[in-house]
Novice: 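Structure incoming, see below.
Here is the naming used below: chain letters follow the sequence lines, and residue numbers restart at 1 for every chain. Model, not experiment: these values are computed from the prediction.
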Amino acid sequence: MDDAYLDAVLSVVERVPSGRATTYGLIAEYLRDHSDPALGVRDRGGPRQVGTVLARAGGDVPWWRVVNATGSPPARHRVRALDALRAEGCPLTADGARVRLRDAVWLPD
DNA sequence: ACATTGACTAATT
DNA sequence: TAATTAGCCAATG
């Protein structure tokens, strides 16, 4: 996994607006569609790899706005993520346990 | 090289 | 709805 891919992932996460969220799969899909070897932006796999990047280098980006396909934040940071999301007004389910992707999902441009 | 792991997903029950 | 299962694919040891 080279720096170009790592930067590509982080730059997408940085673009997620406050109060909205996106998923690992959507980011992977976006990178797959927009991979351009000529620009050094290469496709480096699927959703799990996106997760790997955030686990490794997600410290300085709004990682709590990235959730899995069912709207649940990563189990390890579940509380912190939900608190942050609630604080910025992201639509959540009634039990406050997951993001209402139906309303909150943000798609990279 | 090989086996295990994981901030995942889609289908099944 | 929620829990389980099988598939996934690069990273890691």
Novice: Going by an N to O cut-off under 4.0 Å, is there a salt bridge joining A/R20 and A/E88?
Specialist: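 Looking at A/R20 and A/E88, the cut-off is not met.
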Novice: Atom CD of A/Q49 to atom C1' of C/dA11: distance rounded to whole Å?
Specialist: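 Nearest whole value for this atom pair: 8 Å.
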Novice: Mind calculating the distance between CG (A/L31) and C1' (C/dA10) to the nearest angstrom?
Specialist: 14 Å
Novice: Think A/R48 has a side-chain N or O under 4.0 angstrom from the OP1 or OP2 of C/dC9?
Specialist: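 For A/R48, the contact criterion (side-chain N or O under 4.0 Å from OP1 or OP2 of C/dC9) is not met.
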Novice: Just by distance, do the side chain of A/D7 and the backbone of A/L10 share a donor-acceptor pair under 3.5 Å?
Specialist: no
Novice: Mind checking the P distance from C/dG7 to B/dA7? Whole angstroms is fine.
Specialist: 22 Å
Novice: Round to a whole Å and report the spacing from NE2 of A/H77 to P of B/dG6.
Specialist: 13 Å
Novice: For a quick check of understanding: with a heavy-atom distance under 4.0 Å over all strands, which category does A/A69 fall into, base, sugar-phosphate or nothing?
Specialist: sugar-phosphate
Novice: Expressed in angstrom and rounded to an integer, what is the separation of A/L82 atom CG from B/dA7 atom P?
Specialist: 17 Å
Novice: Under the 3.5 angstrom rule, does the side chain of A/R100 hit a backbone N or O of A/T93 as a donor-acceptor pair?
Specialist: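 Side chain of A/R100 to backbone of A/T93: no pair is present.
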Novice: What is the distance, rounded to the nearest whole Å, between atom CG of A/L26 and atom C1' of B/dT9?
Specialist: 12 Å
Novice: Counting side-chain heavy atoms from CB outward, which of B/dA7, B/dT9, C/dA11 is closest to A/T23?
Specialist: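 Comparing B/dA7, B/dT9, C/dA11 against the side chain of A/T23, the answer is B/dT9.
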Novice: Rounding to an integer number of Å, can you tell me how far A/Y24 OH sits from B/dA7 C1'?
Specialist: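 Computing the A/Y24:OH to B/dA7:C1' distance gives 4 Å.
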Novice: Output the single nucleotide from C/dA2, B/dA10, B/dC8 whose closest atom is nearest the side chain of A/R98.
Specialist: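 The nucleotide sitting nearest to the side chain is C/dA2.
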Novice: Please confirm whether the backbone N or O of A/V16 pairs with a side-chain atom of A/R65, one donor and one acceptor, at under 3.5 Å?
Specialist: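 Flag set: sc A/R65 to bb A/V16 pair under 3.5 Å.
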Novice: Have a look at A/P74 and say if it touches a base, only the backbone sugar-phosphate, or nothing, with a 4.0 Å heavy-atom cut-off.
Specialist: base
Novice: Between C/dA10 atom P and A/L6 atom CG, what is the distance in whole Å?
Specialist: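 Answer to the nearest Å: 16 Å.
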Novice: Would you mind checking if A/D83 and A/R86 are paired as a salt bridge, meaning a charged N to carboxylate O distance below 4.0 Å?
Specialist: yes
Novice: Quick check: on DNA chain C, is the nucleotide nearest A/D95 upstream (toward 5') of the one nearest A/M1, or the reverse? Name the residue that is more 5'.
Specialist: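 Its nearest nucleotide lies further toward 5', so the answer is A/D95.
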Novice: How long is the line joining CG of A/L85 and P of B/dA7, in whole Å?
Specialist: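 After rounding, the gap between these two atoms is 18 Å.
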